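Quick note on labels: first sequence line is chain A, next is B, and so on, each numbered from 1. The analysis underlying the following values was restricted to heavy atoms, covering all of them including side chains, and did not include hydrogens, waters or symmetry mates. Bear in mind the structure is a predicted one, so any value in this text is a computation, not a measurement.
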Amino acid sequence: GEDVEQSLFLSVREGDSSVINCTYTDSSSTYLYWYKQEPGAGLQLLTYIFSNMDMKQDQRLTVLLNKKDKHLSLRIADTQTGDSAIYFCAEFGNYGQNFVFGPGTRLSVLP
Amino acid sequence: GAVVSQHPSRVICKSGTSVKIECRSLDFQATTMFWYRQFPKQSLMLMATSNEGSKATYEQGVEKDKFLINHASLTLSTLTVTSAHPEDSSFYICSARDRVSSYNSPLHFGNGTRLTVT
């Protein structure tokens, strides 16, 4: 079956870059996604990358995909206190034809 | 665009009563909506897939008689927690996919409903 793994916690200082890592198992995934969840709220789509891309940049966000190692990362440049949230990595698993979410990485931004 | 509205955002009910949660796609039509449950500090657990005009598909271990899903139109799905008990207290989130999008296009999420059963 499909599985998505993430480290559970990350702390960075304001102004530094944050890198959140994710590994997945379904090699047939066509899209991989990053969602952000603020306390008490639903999930907000941040960005997604198609599997034939290595990198995608959108303002402060950079997504890197290593398809060989099934590794996805999200880099947030100039991290701000408003970036404190839980970040979920997700893949669309062709095996189960469903979205599979990682456990989420809780990002804490220290002043 | 692609806004999903979920109501109520928070509800407290007594044990034994039923609670209905609504999920609406405001600016798009959704043939498929998904209902998730999230326990504190945990990831999302898919409960069921709601298909417009047909029966919902429940994940293994989810009681269909306990969690009634109705997807009567292309913009509305409802989840009714019947005879709620304290162990049903959780954060419930719905998501939807635009009917004109492909099956693996991004999901759009509601803001969730915090259910507390006393």
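Here B:Phe34 and A:Phe99 keep their ring centres 6.0 angstrom or further from each other.
Options B:Asn111, B:Ile93, B:Val4 differ in how many heavy-atom pairs under 4.5 Å they form with chain A, and the most are formed by B:Asn111.
Contact check for A:Phe101 versus B:Gln38: no side-chain heavy atoms found under the 4.5 Å cut-off.
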Output side-chain donor-acceptor pairs under 3.5 Å for residues 46-56 of chain B, partner residues at least two apart or in another chain, one line each.
| residue | atom | partner | partner atom | Å |
| --- | --- | --- | --- | --- |
| B:Ser50 | OG | B:His71 | ND1 | 2.7 |
| B:Ser50 | OG | B:Ser77 | OG | 3.1 |

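Of the inter-residue distances, the one linking A:Gln37 atom CD with B:Leu44 atom CG reads 6.5 Å to the nearest 0.5 angstrom.
Other residues, nucleotides and ligands contribute only 12 or fewer heavy atoms inside 6.0 Å of the NZ atom of B:Lys64. In B:Arg10, the CZ atom is not crowded: 12 or fewer heavy atoms of neighbouring residues, nucleotides or ligands sit closer than 6.0 Å. Atom CD of B:Glu87 sits in a crowded spot, with more than 12 heavy atoms from other residues, nucleotides or ligands closer than 6.0 Å.
For the pair A:Tyr35 (side chain) and B:Leu107 (backbone), a donor-acceptor distance under 3.5 Å is present. Between the side chain of B:Ser43 and the backbone N or O of A:Gly104, no donor-acceptor pair lies under 3.5 Å.
Counting only residues at least two apart or on different chains, no disulfide bond (SG atoms under 2.5 Å apart) pair has a member in residues 42-77 of chain A.
Placement of A:Leu46 and A:Val4 within a single hydrophobic cluster is found when ILVMFWY residues are connected by side-chain heavy-atom separations under 4.5 Å, directly or transitively.
Proximity to chain B involves both the backbone and the side chain of A:Leu43, based on heavy atoms less than 4.5 angstrom apart. Contacts between B:Gln6 and chain A at a heavy-atom distance below 4.5 Å are absent for every atom of the residue.
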